[in-house]
Participant: 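Here it is, the structure in full.
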Amino acid sequence: MNKYLDVKDEVAQAIANNQPVVALESTIISHGMPYPQNVDTALKVEKVIRDNGAIPATIAIINGRLKAGLSEYEIEYFGKKGPDILKASRRDIAAICARGLDGACTVTTTMMIAHMAHIKIFATGGIGGVHRGAETTMDISADLEELANTPVMVVCAGCKSILDIGLTLEYLETKGVPVIGYGTDDFPAFYNSKSGFKADYRVDTPAELAEIYNASRIMDLKGGILVGNPIPTEFEMPADIINPAIDKAIEECNRLGIKGKETTPFLLAKVKELTGGDSLDSNIQLVYNNAKVAAQTAVEIHKHKYI
Ligand code: PSU
Ligand code: MN
(Lines give C-alpha, C1' and ligand atoms only; values in the text may rest on other atoms or scores of the structure.)
(Ligands and ions follow the chains in the order given, each with its own letter.)
Protein backbone atom coordinates (compact mmCIF):
# COMPACT_ATOMS: atom_id res chain seq x y z
CA MET A 1 0.00 0.00 0.00
CA ASN A 2 1.34 3.47 -0.77
CA LYS A 3 1.35 6.38 1.66
CA TYR A 4 -1.32 8.35 -0.23
CA LEU A 5 -3.86 5.53 -0.14
CA ASP A 6 -6.66 5.28 2.46
CA VAL A 7 -8.68 2.10 2.23
CA LYS A 8 -11.94 2.31 4.21
CA ASP A 9 -11.96 -0.22 7.10
CA GLU A 10 -14.82 -2.30 5.75
CA VAL A 11 -13.14 -2.51 2.34
CA ALA A 12 -9.71 -3.33 3.76
CA GLN A 13 -11.24 -6.08 5.86
CA ALA A 14 -13.09 -7.55 2.88
CA ILE A 15 -9.89 -7.56 0.81
CA ALA A 16 -7.86 -9.12 3.63
CA ASN A 17 -10.52 -11.86 3.97
CA ASN A 18 -10.66 -12.48 0.21
CA GLN A 19 -14.26 -11.25 -0.02
CA PRO A 20 -15.74 -9.56 -3.09
CA VAL A 21 -15.43 -5.78 -3.47
CA VAL A 22 -16.70 -3.60 -6.32
CA ALA A 23 -15.19 -0.17 -7.07
CA LEU A 24 -17.34 2.78 -8.18
CA GLU A 25 -16.21 6.08 -9.69
CA SER A 26 -16.87 9.61 -8.42
CA THR A 27 -16.81 11.70 -11.64
CA ILE A 28 -20.20 10.24 -12.42
CA ILE A 29 -21.34 11.83 -9.12
CA SER A 30 -19.74 15.26 -9.46
CA HIS A 31 -19.69 15.78 -13.23
CA GLY A 32 -22.00 13.13 -14.70
CA MET A 33 -25.30 13.83 -12.93
CA PRO A 34 -26.94 16.85 -11.26
CA TYR A 35 -27.53 17.22 -7.50
CA PRO A 36 -29.47 15.69 -5.73
CA GLN A 37 -30.02 12.76 -8.12
CA ASN A 38 -26.25 12.16 -8.13
CA VAL A 39 -26.11 11.56 -4.36
CA ASP A 40 -29.27 9.50 -4.34
CA THR A 41 -27.91 7.31 -7.18
CA ALA A 42 -24.44 6.96 -5.61
CA LEU A 43 -25.96 5.73 -2.35
CA LYS A 44 -28.44 3.38 -4.02
CA VAL A 45 -25.78 1.89 -6.27
CA GLU A 46 -23.79 0.97 -3.16
CA LYS A 47 -26.91 -0.76 -1.84
CA VAL A 48 -27.34 -2.71 -5.09
CA ILE A 49 -23.78 -4.00 -4.66
CA ARG A 50 -24.44 -5.06 -1.08
CA ASP A 51 -27.74 -6.72 -2.06
CA ASN A 52 -25.78 -8.78 -4.57
CA GLY A 53 -23.20 -10.01 -2.09
CA ALA A 54 -20.25 -7.62 -2.45
CA ILE A 55 -18.83 -4.59 -0.60
CA PRO A 56 -18.92 -1.24 -2.46
CA ALA A 57 -15.87 1.05 -2.60
CA THR A 58 -16.62 4.43 -4.15
CA ILE A 59 -13.31 5.95 -5.18
CA ALA A 60 -12.27 9.62 -4.98
CA ILE A 61 -9.43 11.90 -3.89
CA ILE A 62 -10.09 13.98 -0.76
CA ASN A 63 -7.54 16.41 0.69
CA GLY A 64 -4.82 14.74 -1.34
CA ARG A 65 -5.69 11.25 -0.08
CA LEU A 66 -6.62 8.46 -2.51
CA LYS A 67 -9.81 7.04 -0.99
CA ALA A 68 -10.92 3.48 -1.70
CA GLY A 69 -14.34 3.61 -0.04
CA LEU A 70 -16.26 6.75 0.92
CA SER A 71 -18.61 7.48 3.81
CA GLU A 72 -22.16 8.69 3.16
CA TYR A 73 -21.04 12.15 4.24
CA GLU A 74 -18.19 12.14 1.69
CA ILE A 75 -20.54 11.05 -1.10
CA GLU A 76 -22.90 13.89 -0.17
CA TYR A 77 -19.94 16.33 -0.22
CA PHE A 78 -18.93 15.22 -3.73
CA GLY A 79 -22.50 15.45 -4.98
CA LYS A 80 -23.02 18.95 -3.58
CA LYS A 81 -19.71 20.39 -4.83
CA GLY A 82 -20.36 18.89 -8.26
CA PRO A 83 -18.25 20.29 -11.11
CA ASP A 84 -16.35 22.56 -8.66
CA ILE A 85 -14.31 19.46 -7.85
CA LEU A 86 -11.38 18.88 -10.20
CA LYS A 87 -11.98 16.08 -12.67
CA ALA A 88 -8.94 13.91 -12.05
CA SER A 89 -7.40 11.84 -14.81
CA ARG A 90 -4.04 10.00 -14.73
CA ARG A 91 -2.09 13.19 -15.44
CA ASP A 92 -3.66 14.97 -12.45
CA ILE A 93 -3.24 12.68 -9.48
CA ALA A 94 0.35 13.44 -8.56
CA ALA A 95 -0.33 17.19 -8.41
CA ILE A 96 -3.65 16.72 -6.59
CA CYS A 97 -2.01 14.53 -3.93
CA ALA A 98 1.05 16.77 -3.58
CA ARG A 99 -1.17 19.82 -3.08
CA GLY A 100 -3.75 18.16 -0.84
CA LEU A 101 -6.67 18.86 -3.18
CA ASP A 102 -9.89 16.98 -3.94
CA GLY A 103 -10.31 15.08 -7.19
CA ALA A 104 -13.25 13.35 -8.84
CA CYS A 105 -12.09 10.02 -10.24
CA THR A 106 -12.86 9.14 -13.83
CA VAL A 107 -12.80 5.57 -15.14
CA THR A 108 -9.03 6.03 -15.52
CA THR A 109 -8.21 7.08 -11.96
CA THR A 110 -10.80 4.73 -10.46
CA MET A 111 -9.06 1.82 -12.21
CA MET A 112 -5.67 3.04 -10.96
CA ILE A 113 -6.76 3.41 -7.33
CA ALA A 114 -8.83 0.19 -7.40
CA HIS A 115 -5.72 -1.65 -8.56
CA MET A 116 -3.57 -0.03 -5.83
CA ALA A 117 -6.14 -1.27 -3.28
CA HIS A 118 -6.30 -4.80 -4.83
CA ILE A 119 -9.89 -4.36 -6.02
CA LYS A 120 -10.53 -6.45 -9.12
CA ILE A 121 -13.74 -5.14 -10.62
CA PHE A 122 -15.42 -1.79 -11.15
CA ALA A 123 -18.92 -0.76 -12.21
CA THR A 124 -19.77 2.50 -13.96
CA GLY A 125 -22.20 3.98 -16.50
CA GLY A 126 -20.25 4.72 -19.65
CA ILE A 127 -16.56 4.87 -20.45
CA GLY A 128 -14.77 7.64 -22.30
CA GLY A 129 -13.47 6.86 -25.78
CA VAL A 130 -12.53 8.27 -29.18
CA HIS A 131 -14.54 11.44 -29.77
CA ARG A 132 -16.22 12.12 -33.07
CA GLY A 133 -13.81 14.21 -35.11
CA ALA A 134 -10.79 12.83 -33.22
CA GLU A 135 -8.91 12.64 -36.53
CA THR A 136 -8.49 16.42 -36.20
CA THR A 137 -8.89 17.09 -32.45
CA MET A 138 -6.97 14.00 -31.21
CA ASP A 139 -9.52 13.87 -28.36
CA ILE A 140 -9.22 10.28 -27.15
CA SER A 141 -10.09 9.55 -23.53
CA ALA A 142 -7.32 8.39 -21.22
CA ASP A 143 -9.81 5.68 -20.16
CA LEU A 144 -8.75 3.64 -23.20
CA GLU A 145 -5.06 3.75 -22.26
CA GLU A 146 -5.90 2.75 -18.71
CA LEU A 147 -7.90 -0.23 -19.98
CA ALA A 148 -4.81 -1.15 -21.98
CA ASN A 149 -2.55 -1.07 -18.93
CA THR A 150 -4.38 -1.74 -15.66
CA PRO A 151 -5.78 -5.18 -14.83
CA VAL A 152 -9.28 -4.31 -13.60
CA MET A 153 -12.54 -5.58 -15.10
CA VAL A 154 -14.83 -2.64 -15.98
CA VAL A 155 -18.58 -3.22 -16.30
CA CYS A 156 -20.25 -0.44 -18.30
CA ALA A 157 -23.27 0.02 -20.56
CA GLY A 158 -21.02 0.67 -23.56
CA CYS A 159 -20.35 4.20 -24.66
CA LYS A 160 -22.55 7.03 -25.77
CA SER A 161 -22.68 8.03 -29.37
CA ILE A 162 -21.26 11.41 -28.28
CA LEU A 163 -18.22 9.27 -29.15
CA ASP A 164 -17.25 7.51 -32.36
CA ILE A 165 -18.11 4.01 -31.16
CA GLY A 166 -16.48 2.26 -34.14
CA LEU A 167 -13.16 4.05 -33.62
CA THR A 168 -13.34 3.45 -29.87
CA LEU A 169 -13.59 -0.30 -30.53
CA GLU A 170 -10.73 -0.13 -33.06
CA TYR A 171 -8.54 1.59 -30.47
CA LEU A 172 -9.37 -1.07 -27.87
CA GLU A 173 -8.49 -3.80 -30.36
CA THR A 174 -5.11 -2.19 -31.07
CA LYS A 175 -4.43 -1.98 -27.35
CA GLY A 176 -5.39 -5.60 -26.74
CA VAL A 177 -8.43 -4.95 -24.55
CA PRO A 178 -11.07 -7.71 -24.72
CA VAL A 179 -14.57 -6.30 -25.21
CA ILE A 180 -17.29 -8.60 -23.92
CA GLY A 181 -21.02 -8.35 -24.55
CA TYR A 182 -22.97 -9.47 -21.49
CA GLY A 183 -26.01 -11.40 -22.70
CA THR A 184 -25.57 -9.87 -26.17
CA ASP A 185 -23.43 -10.20 -29.31
CA ASP A 186 -23.36 -6.42 -29.60
CA PHE A 187 -21.37 -3.72 -27.93
CA PRO A 188 -24.10 -1.60 -26.31
CA ALA A 189 -24.53 2.14 -26.91
CA PHE A 190 -25.35 3.32 -23.39
CA TYR A 191 -28.93 4.62 -23.95
CA ASN A 192 -29.53 1.78 -26.41
CA SER A 193 -28.76 -1.90 -26.13
CA LYS A 194 -27.27 -2.05 -29.64
CA SER A 195 -24.66 0.16 -31.28
CA GLY A 196 -24.45 -1.60 -34.64
CA PHE A 197 -20.99 -2.88 -33.64
CA LYS A 198 -20.15 -6.33 -32.33
CA ALA A 199 -18.43 -7.17 -29.08
CA ASP A 200 -15.46 -9.56 -29.31
CA TYR A 201 -17.15 -12.24 -27.21
CA ARG A 202 -20.57 -12.90 -25.83
CA VAL A 203 -20.87 -14.09 -22.23
CA ASP A 204 -24.14 -14.97 -20.51
CA THR A 205 -23.33 -15.51 -16.84
CA PRO A 206 -21.27 -13.86 -14.06
CA ALA A 207 -19.40 -17.17 -13.66
CA GLU A 208 -18.18 -16.96 -17.27
CA LEU A 209 -17.05 -13.37 -16.75
CA ALA A 210 -15.13 -14.51 -13.67
CA GLU A 211 -13.46 -17.30 -15.70
CA ILE A 212 -12.20 -14.74 -18.21
CA TYR A 213 -10.99 -12.39 -15.49
CA ASN A 214 -9.18 -15.22 -13.72
CA ALA A 215 -7.58 -16.49 -16.94
CA SER A 216 -6.27 -13.01 -17.62
CA ARG A 217 -4.84 -12.71 -14.10
CA ILE A 218 -3.28 -16.16 -14.09
CA MET A 219 -1.43 -15.26 -17.29
CA ASP A 220 -0.61 -11.85 -15.80
CA LEU A 221 -1.85 -10.02 -18.89
CA LYS A 222 -1.29 -6.37 -18.17
CA GLY A 223 -4.55 -4.74 -19.30
CA GLY A 224 -8.16 -4.61 -18.19
CA ILE A 225 -11.30 -6.29 -19.52
CA LEU A 226 -14.26 -4.27 -20.76
CA VAL A 227 -17.76 -5.65 -20.25
CA GLY A 228 -20.63 -4.03 -22.16
CA ASN A 229 -23.82 -4.72 -20.24
CA PRO A 230 -26.82 -3.45 -22.22
CA ILE A 231 -29.37 -1.12 -20.65
CA PRO A 232 -32.55 -3.10 -19.81
CA THR A 233 -34.92 -2.70 -22.80
CA GLU A 234 -37.63 -1.01 -20.72
CA PHE A 235 -35.25 1.89 -19.99
CA GLU A 236 -33.83 2.34 -23.52
CA MET A 237 -34.21 5.76 -25.15
CA PRO A 238 -35.99 5.89 -28.54
CA ALA A 239 -33.36 6.45 -31.26
CA ASP A 240 -35.37 9.30 -32.82
CA ILE A 241 -35.15 11.22 -29.54
CA ILE A 242 -31.65 10.48 -28.30
CA ASN A 243 -29.73 10.69 -31.61
CA PRO A 244 -30.85 14.20 -32.60
CA ALA A 245 -30.19 15.36 -29.01
CA ILE A 246 -26.63 14.00 -29.17
CA ASP A 247 -26.05 15.59 -32.61
CA LYS A 248 -27.33 18.93 -31.33
CA ALA A 249 -25.18 18.74 -28.18
CA ILE A 250 -22.06 18.09 -30.30
CA GLU A 251 -22.92 20.98 -32.63
CA GLU A 252 -23.28 23.32 -29.67
CA CYS A 253 -20.06 22.05 -28.10
CA ASN A 254 -18.18 22.83 -31.32
CA ARG A 255 -19.89 26.21 -31.73
CA LEU A 256 -18.91 27.25 -28.17
CA GLY A 257 -15.35 26.01 -28.73
CA ILE A 258 -15.49 23.68 -25.70
CA LYS A 259 -12.44 21.42 -25.62
CA GLY A 260 -10.43 18.97 -23.56
CA LYS A 261 -11.69 17.66 -20.24
CA GLU A 262 -14.76 19.96 -20.35
CA THR A 263 -16.11 18.23 -23.46
CA THR A 264 -17.61 15.10 -21.90
CA PRO A 265 -19.32 16.83 -18.92
CA PHE A 266 -20.72 19.50 -21.28
CA LEU A 267 -22.16 16.88 -23.65
CA LEU A 268 -23.67 14.84 -20.79
CA ALA A 269 -25.42 17.90 -19.32
CA LYS A 270 -26.61 19.13 -22.73
CA VAL A 271 -28.09 15.76 -23.72
CA LYS A 272 -29.93 15.64 -20.41
CA GLU A 273 -31.31 19.15 -20.96
CA LEU A 274 -32.38 18.41 -24.55
CA THR A 275 -34.23 15.22 -23.56
CA GLY A 276 -36.06 16.95 -20.71
CA GLY A 277 -34.37 14.76 -18.11
CA ASP A 278 -35.42 11.42 -19.65
CA SER A 279 -31.81 10.55 -20.43
CA LEU A 280 -30.96 10.94 -16.75
CA ASP A 281 -33.55 8.30 -15.76
CA SER A 282 -32.05 5.85 -18.28
CA ASN A 283 -28.56 6.71 -17.07
CA ILE A 284 -29.47 5.94 -13.44
CA GLN A 285 -31.09 2.61 -14.29
CA LEU A 286 -28.17 1.36 -16.35
CA VAL A 287 -25.76 2.15 -13.52
CA TYR A 288 -27.81 -0.05 -11.14
CA ASN A 289 -27.84 -2.80 -13.73
CA ASN A 290 -24.05 -2.63 -14.09
CA ALA A 291 -23.54 -2.65 -10.32
CA LYS A 292 -25.61 -5.83 -10.08
CA VAL A 293 -23.58 -7.67 -12.74
CA ALA A 294 -20.27 -6.45 -11.28
CA ALA A 295 -21.22 -7.59 -7.76
CA GLN A 296 -22.36 -11.01 -8.99
CA THR A 297 -19.13 -11.35 -10.96
CA ALA A 298 -17.02 -10.30 -7.96
CA VAL A 299 -18.71 -13.06 -5.96
CA GLU A 300 -17.81 -15.60 -8.69
CA ILE A 301 -14.22 -14.35 -8.98
CA HIS A 302 -13.73 -14.99 -5.28
CA LYS A 303 -14.93 -18.57 -5.51
CA HIS A 304 -11.65 -19.30 -7.33
CA LYS A 305 -9.13 -20.11 -4.62
CA TYR A 306 -6.08 -19.52 -6.84
CA ILE A 307 -6.66 -15.77 -7.17
N1 PSU B 1 -19.45 8.94 -19.96
C2 PSU B 1 -20.64 8.90 -19.35
N3 PSU B 1 -20.76 9.35 -18.07
C4 PSU B 1 -19.67 9.82 -17.37
C5 PSU B 1 -18.42 9.84 -18.02
C6 PSU B 1 -18.34 9.39 -19.30
O7 PSU B 1 -21.61 8.49 -19.96
O8 PSU B 1 -19.83 10.23 -16.21
C9 PSU B 1 -17.20 10.29 -17.25
C10 PSU B 1 -16.42 9.09 -16.70
O11 PSU B 1 -15.84 9.45 -15.47
C12 PSU B 1 -15.33 8.90 -17.75
C13 PSU B 1 -15.02 10.34 -18.09
O14 PSU B 1 -14.18 8.22 -17.26
O15 PSU B 1 -16.30 10.97 -18.13
C16 PSU B 1 -14.30 10.47 -19.41
O17 PSU B 1 -13.94 11.79 -19.58
P18 PSU B 1 -12.99 12.19 -20.82
O19 PSU B 1 -13.84 11.98 -22.04
O20 PSU B 1 -12.65 13.64 -20.58
O21 PSU B 1 -11.81 11.29 -20.75
MN1 MN C 1 -10.75 14.13 -23.83
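Heavy atoms only: backbone and side chains are in, while hydrogens, waters and symmetry mates are out.
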Participant: Starting at CZ of Arg132, measure out to OG1 of Thr168 and round the result to the nearest 0.5 Å.
Facilitator: 11.0 Å

Participant: Between Tyr201 and Phe187, is there shared hydrophobic-cluster membership here, with clusters defined by ILVMFWY side-chain heavy atoms closer than 4.5 Å?
Facilitator: no

Participant: Which pair of heavy atoms, one from Val299 and one from Asn52, lies closest together, and at what distance?
Facilitator: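 Looks like CG2-O, 3.6 Å.
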
Participant: Return the minimal non-hydrogen interatomic distance between Cys97 and Leu66, and the atom names on each side.
Facilitator: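 Smallest interatomic distance, heavy atoms only, reads SG-CD2, 3.5 Å.
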
Participant: Between Glu300 and Lys303, is a salt bridge (charged side-chain N to carboxylate O under 4.0 Å, His left out) present by the stated rule, with each step listed?
Facilitator: CA-CA 5 Å; Glu300 292 296 328; Lys303 286 184 184 164; 3.0 Å; yes

Participant: Is there a side-chain contact between Ile62 and Asp6 (heavy atoms, below 4.5 Å)?
Facilitator: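 Contact flag for Ile62/Asp6 side chains = no.
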
Participant: For Val152 and Lys120, what are the C-alpha separation, side-chain angles and deciding distance, and is it a side chain to side chain contact (heavy atoms under 4.5 Å, CB included)?
Facilitator: CA-CA 5 Å; Val152 171; Lys120 303 174 174 76; over 6 Å; no

Participant: For the atom pair CE (Met112) and CD (Glu146), what is the distance rounded to the nearest 0.5 Å?
Facilitator: 5.5 Å

Participant: Do Tyr171 and Glu145 get their side chains close enough for a donor-acceptor pair, meaning under 3.5 Å?
Facilitator: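 Yes, a side-chain donor-acceptor pair sits under 3.5 Å.
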
Participant: Roughly how far apart are Asp143 CG and Arg90 CZ, rounded to 0.5 Å?
Facilitator: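 Atom-to-atom, Asp143:CG and Arg90:CZ are 11.5 Å apart.
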
Participant: For the NZ atom on Lys292, are there more than 12 heavy atoms of other groups (residues, nucleotides or ligands in this structure) within a distance under 6.0 Å?
Facilitator: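 Not more than 12 within 6.0 Å, no.
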
Participant: List the atom of Leu286, the atom of Ala157, and the distance in Å for their closest heavy-atom pair.
Facilitator: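 Smallest interatomic distance, heavy atoms only, reads CD1-CB, 3.6 Å.
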
Participant: First locate atom CD1 of Ile127, then atom CG of Leu144, and finally report the distance between them rounded to the nearest 0.5 Å.
Facilitator: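 Answer rounded to 0.5 Å: 5.5 Å.
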
Participant: Does Asn2 have more than 12 heavy atoms from other residues, nucleotides or ligands lying within 6.0 Å of its CG?
Facilitator: yes

Participant: Could you tell me if the side chain of Ile29 sits less than 4.5 Å from the side chain of Thr58, heavy atoms only?
Facilitator: yes

Participant: Rounded to the nearest 0.5 Å, what separation is found between the CD1 atom of Ile250 and the CD atom of Glu252?
Facilitator: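 With rounding to 0.5 Å, CD1 (Ile250) is 12.0 Å from CD (Glu252).
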
Participant: I need the minimum non-hydrogen distance between Ser279 and Lys272, along with the two atoms involved.
Facilitator: OG-CA, 3.2 Å

Participant: Which atom pair, heavy atoms only, marks the closest approach of Gly53 to Pro20?
Facilitator: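 Looks like O-CG, 3.5 Å.
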
Participant: Tell me if a side-chain donor or acceptor on Asn229 pairs with a main-chain N or O of Cys156 at a distance below 3.5 Å.
Facilitator: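 Absent.
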
Participant: Please give me the minimum heavy-atom distance between Gly125 and Ile28, naming the atom from each residue.
Facilitator: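 Shortest heavy-atom separation between Gly125 and Ile28 comes out as N-CD1, 3.9 Å.
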
Participant: Test of understanding: clusters of I, L, V, M, F, W, Y form through side-chain heavy atoms closer than 4.5 Å, transitively. Do Val107 and Leu172 belong to the same one?
Facilitator: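 Yes; tracing contacts between hydrophobic side chains, which count when under 4.5 Å, links both residues.
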
Participant: Could you state the interatomic distance from CG (Leu209) to OG1 (Thr297), rounded to the nearest 0.5 Å?
Facilitator: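 Separation between the atoms: 4.5 Å.
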
Participant: Could you walk me through whether Glu74 and Lys8 pass salt bridge (charged side-chain N to carboxylate O under 4.0 Å, His left out), step by step?
Facilitator: CA-CA 12 Å; Glu74 289 167 328; Lys8 191 180 169 187; over 6 Å; no

